[in-house]
Engineer: 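One structure, pasted below without further comment.
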Amino acid sequence: MPRINDQRLVTASIMLATIMQVLDTTIANVALPHMQGSLSASTDQITWVLTSYIVSAAIMTPAVGFFAGRMGRRRLFLWSVAGFTVASGLCGLSANLDQMVMFRILQGVFGAALVPLSQSVLLDAYPVEKHGQAMAIWGMGVMVGPILGPTLGGWLTEWYSWRWVFYINLPFGLLAFAGIWLSVAETETRKIRFDLMGFAYLGLAIGAFQLMLDRGEQEKWFESFEIQIEALLAALGFYLFLVHSLTKKDPFINLSLFKDRNFVTGVVFIFVVGIILLATMALLPPFLQQWKDYPAVTTGLVLAPRGLGSMFSMMLVGRLMRTRLDPRVLVVAGLMLITLSLHEMAGFTLEVSRDTLIWTGVLQGLGLGLVFVPASALTYATLKPELRTEGASLFSLSRNLGSSVGISIMTAMLSRNMWINQQQLGEHVQLGAWISQGLPMKDMVGGVPAALYQTLMGQAAEISYMNDFRLLMWINMAAIPLVFLLKHSRPATP
């Protein structure tokens, strides 16, 4: 039994831990240039500050179910919060790149459990009829955190120091630890053997795949020997893991999870939603800052309403799911709103107004909130309670991998299309017409005036961003049939 049987304290404590972890997936991005000089790192080297965290968290996420069963969920939660908080402080104290990367790896190792554990604890803390409300609360932390991360990171870096990007976790970590210690109930432990080979094979597959996605654009994808090796290792690791799991009596991942149609469908569905969630956020900041000359603070303010839209719709959905309304209707409605917002974004030009940017962001946020909460609840609707923690780890892993795939594909397409569009537009340049209009010919770049070159680059970027948003729109629409594979039934009870 919990020491203090207060549902509000449980909720507040675990959501502090969740927000702290998801913020760290994006909050450090804007501080990289400042870290680079302070840590004496090159442009290529400093990206390991992000890569080390993402890869270590991805590798450790599937193991959350095992450690929760062996140690007890409360004990694992406390160790994870404490480790993540200490690692955050050490990141802020780092004197060189080696120390920073090592401590970021520790952050990822301890932080991997926070989101899956928070989801399973919330599902157990709330009665069956309030699972929609529980997932609404959880979804607000998971989705709003990455959206607010760049804004908060930019503000802390500008007014204080890049080190405060990590120091800010210390008070929240201490509060979360105290709240979990006082309110979260311990679960029964099980003496189960750790499938080391299964973990090693899956860790190899996930780690190599995540490295390939994270470094692909920088290394020019399969033109690089490194990316080829990582792709080969990812395929080999997954193959060995699959064979091992099908032939071992007690595999690393409980295969009974995959007998639940709702869970399997939900994991696939959240992979697609993950693509939309962070890929859009990866495209918009450079569009606004590089091509519309918005300062970092203005960019953050323009993007913030997207998070507000998500929060509003999640609070609304939490109430609607206590009615007789079929949750699948909400998911389809949310997907249609996201489709509409992406259709509008596929028409963005460099002259797009700030009002248009804000209302499309709000529209997309509303849609994501409508999708995320009922989809999460439906995923666990028929899953046995004893499988929730392990299921939550796979659910989180699928969402994170979807986000990584989405960001990698969209940024790769953006770079490739910009180069192609620039070449095609350059073929139609008529310098004679430029000269006849008395336009400036100084500062030549690539054989054309700098002013004309900048115009060509802007047009090429405009077309490329339109193509990316249009592709995201079609990916989003392709997810609609998956909704009808989810069964609408009451959550599984003990």
Engineer: Name all residues meeting the ring pair (Phe, Tyr, Trp, His ring centres under 6.0 Å) criterion together with Phe77; count only those two or more places apart in sequence or in a different chain, and write none if there are none.
Structural biologist: none
Engineer: List the residues meeting side-chain hydrogen bond (donor to acceptor under 3.5 Å, both in side chains) with Trp359, not counting sequence neighbours, and say none if there are none.
Structural biologist: none
Engineer: Using the test side-chain hydrogen bond (donor to acceptor under 3.5 Å, both in side chains), find all partners of Ser224 that sit at least two apart in sequence or belong to another chain.
Structural biologist: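 Applying side-chain hydrogen bond (donor to acceptor under 3.5 Å, both in side chains) to Ser224 gives none.
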Engineer: Sequence neighbours left out, what passes side chain to side chain contact (heavy atoms under 4.5 Å, CB included) with Phe66? Give chain and number order.
Structural biologist: Arg70, Ile192, Phe194
Engineer: For Ser341, give me all partners under side-chain hydrogen bond (donor to acceptor under 3.5 Å, both in side chains), at least two apart in sequence or on another chain.
Structural biologist: Gln364
Engineer: Side chains of Ile253 and Glu390: does their closest heavy-atom pair fall under 4.5 Å?
Structural biologist: yes
Engineer: Does Leu350 have any side chain to side chain contact (heavy atoms under 4.5 Å, CB included) partners at least two apart in sequence or in another chain, and if so, which?
Structural biologist: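 Leu350 satisfies side chain to side chain contact (heavy atoms under 4.5 Å, CB included) with Phe287, Trp291, Glu462 once adjacent residues are dropped.
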Engineer: Given Tyr465, which of Leu283, Leu284, Asn417 fulfils the side-chain contact (heavy atoms from CB on, under 4.5 Å) condition?
Structural biologist: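 Looking at Leu283, Leu284, Asn417, the match for Tyr465 under the side-chain contact (heavy atoms from CB on, under 4.5 Å) is Leu283.
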Engineer: If the condition is side chain to side chain contact (heavy atoms under 4.5 Å, CB included), which residues does Phe312 pass it with, not counting sequence neighbours?
Structural biologist: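 Phe312: side chain to side chain contact (heavy atoms under 4.5 Å, CB included) contacts with Leu366.
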Engineer: Output all residues satisfying salt bridge (charged side-chain N to carboxylate O under 4.0 Å, His left out) with Arg73, sequence neighbours left out; order by chain, then residue number.
Structural biologist: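 Arg73: salt bridge (charged side-chain N to carboxylate O under 4.0 Å, His left out) contacts with Asp124.
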Engineer: In chain order, what residues pass the side chain to side chain contact (heavy atoms under 4.5 Å, CB included) check against Ile59, with sequence neighbours excluded?
Structural biologist: Val55, Phe199
Engineer: For residues 96-113, run the donor-acceptor check on the side chains, cut-off 3.5 Å, and write out each pair with its distance to 0.1 Å, sequence neighbours left out.
Structural biologist:
unit_1	atom_1	unit_2	atom_2	d
Asn96	OD1	Asp98	N	3.2
Asn96	OD1	Gln99	N	2.9
Gln99	OE1	Ala95	N	3.0
Arg104	NE	Val49	O	2.8
Arg104	NH1	Gln107	OE1	2.8
Arg104	NH2	Val49	O	3.3
Gln107	NE2	Asp24	OD2	2.8
Gln107	NE2	Ser88	OG	2.8

Engineer: Could you pull out all residues at least two apart from Gln228 that satisfy side-chain hydrogen bond (donor to acceptor under 3.5 Å, both in side chains)?
Structural biologist: none
Engineer: In chain order, what residues pass the ring pair (Phe, Tyr, Trp, His ring centres under 6.0 Å) check against Tyr167, with sequence neighbours excluded?
Structural biologist: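 Counting only residues at least two positions away or on another chain, Tyr167 forms a ring pair (Phe, Tyr, Trp, His ring centres under 6.0 Å) with Trp164.
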